[in-house]
Amino acid sequence: FEKWGEKDNGEHVYVKNLISKKDSLMDYPRVQTKGCNFHLLSIYPKYHTKLFPYSKLVTERNHVIEDLAFTNTIEKVYLAAMSGIRNFKAGDVVVIYRTAEFGKPAEWSAVTTSICSILDVTEINKFNTKEEFIKYCGKGTVFSEGELNSFWNSKEYPFIIKMLYNIPLAKRIVRHDLIGQDIIDRDTYAGVIHLSENQFSKLLELGEVNEDFIIN
């Protein structure tokens, strides 16, 4: 939003110009798709809904949205070890894939839930100190400071992704339907999957995403 003026009572008036700025933050919550790459990124259930509260499942109707920094901010930070993350670039679009519930078949409990835009991708080894690393992660990470300390020492999760939480899918898409609609292949490891533009478009259609959110 940009400041447009002030009311007589001193209140500030802000407006949102819908002309694309070709900038992920300025265009938020809309997603710029022209000339970018599309990926599917898996996230464990224990982190998923804390990080993406408006993408909770019907089965999580009792989940209480907590008033926490990483819940409230639109900028999300996630650490992972999948090597495919090396192919992520700023401006790319990521589909969040909530992995299967423990003890339940992935076919029906693993689902796509959200659309995000990549702001930055880096590696933990590029930080000179633990303090720099923790400061970079900021308020957008679901991991506690204790967990971040552990990750710094172990380097278990070397890739750090900063992304904008743009859109929760109106309709969640289970793995069974992702495979049936040729969006993903059954034999492909679901940690990170590159999607074609056609596969992404089909996913938007199945997820019943309002086309006004998409900038082509």
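The first residue of the sequence shown is numbered 1, and numbering continues consecutively from there.
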Can you list the residues that meet the ring-ring contact (aromatic ring centres under 6.0 Å, His included) rule with Y157, with sequence neighbours excluded? F151
Review item, side-chain donor-acceptor pairs of residues 80-96, under 3.5 Å, at least two apart:
unit_1 : atom_1 : unit_2 : atom_2 : d
D92    : OD1    : N37    : N      : 3.2
D92    : OD2    : H39    : NE2    : 2.9
D92    : OD2    : K89    : N      : 3.1

Could you measure the distance from the OG1 atom of T112 to the CD1 atom of I184? Nearest 0.5 Å is fine. 8.5 Å
Go through the steps for T113 and L169 under the test side-chain contact (heavy atoms from CB on, under 4.5 Å), then give the verdict. CA-CA 5 Å; T113 68; L169 298 184; 5.7 Å; no
What is the minimum heavy-atom distance between S117 and V31, and which atoms define it? OG-CG1, 4.0 Å
Euclidean distance, Y136 OH relative to L148 CG, rounded to 0.5 Å: 13.0 Å
Distance, nearest 0.5 Å, that separates CG of L164 from CZ of R30: 13.5 Å
Using modelled atom types and a 3.5 Å cut-off, is there a donor and acceptor pairing between side-chain atoms of Q32 and backbone atoms of K34? yes
ring-ring contact (aromatic ring centres under 6.0 Å, His included) with Y97: which residues, sequence neighbours excluded? none
Taking ring-ring contact (aromatic ring centres under 6.0 Å, His included) as the test, write out the residues that go with Y44, two or more places apart. none
Might you point out which heavy atoms bring A100 and A106 nearest each other, and give the distance in Å? CB-CA, 3.6 Å
Is the positively charged end of K135 above the ring of F127, judged by distance under 6.0 angstrom from the centroid and angle within 45° of the axis? no
Between atom CD1 of I124 and atom CD1 of I160, what is the distance when rounded to the nearest 0.5 Å? 5.0 Å
Tell me if the CD atom of E208 is crowded by more than 12 foreign heavy atoms within 6.0 Å. yes
Closest heavy-atom contact between I173 and G207? CD1-N, 3.6 Å
Is any side-chain heavy atom of P168 closer than 4.5 Å to one of F52? no
How far apart are the closest heavy atoms of K126 and T122, and which atoms are they? CD-OG1, 3.7 Å
Between F159 and Y78, is the ring centroid distance below 6.0 Å? no
Starting at CG of L51, measure out to SG of C116 and round the result to the nearest 0.5 Å. 8.0 Å
Name of the residue among K130, E147, E131 meeting side chain to side chain contact (heavy atoms under 4.5 Å, CB included) with W152: K130
Heavy-atom donor-acceptor pair, K155 side chain to N125 backbone, under 3.5 Å: no
If you apply the rule side-chain contact (heavy atoms from CB on, under 4.5 Å), what do you find for M163 with I118, and how did you get there? CA-CA 4 Å; M163 51 190 166; I118 296 294; 4.3 Å; yes
Quick one: side chains of residues 189-204, donor-acceptor pairs under 3.5 Å with protein atoms, not counting sequence neighbours, listed by atom name and distance.
unit_1 : atom_1 : unit_2 : atom_2 : d
H194   : ND1    : F38    : O      : 3.3
S196   : OG     : Q199   : N      : 3.1
S196   : OG     : Q199   : OE1    : 3.3
Q199   : OE1    : S196   : N      : 2.8
Q199   : NE2    : D182   : O      : 3.2
Q199   : NE2    : I183   : O      : 3.2
S201   : OG     : E197   : O      : 3.0
K202   : NZ     : Q181   : O      : 3.0

Could you measure the distance from the OH atom of Y47 to the OG1 atom of T99? Nearest 0.5 Å is fine. 11.0 Å
Please enumerate all residues that pass salt bridge (Lys or Arg N to Asp or Glu O under 4.0 Å) together with E107, with sequence neighbours excluded. R186
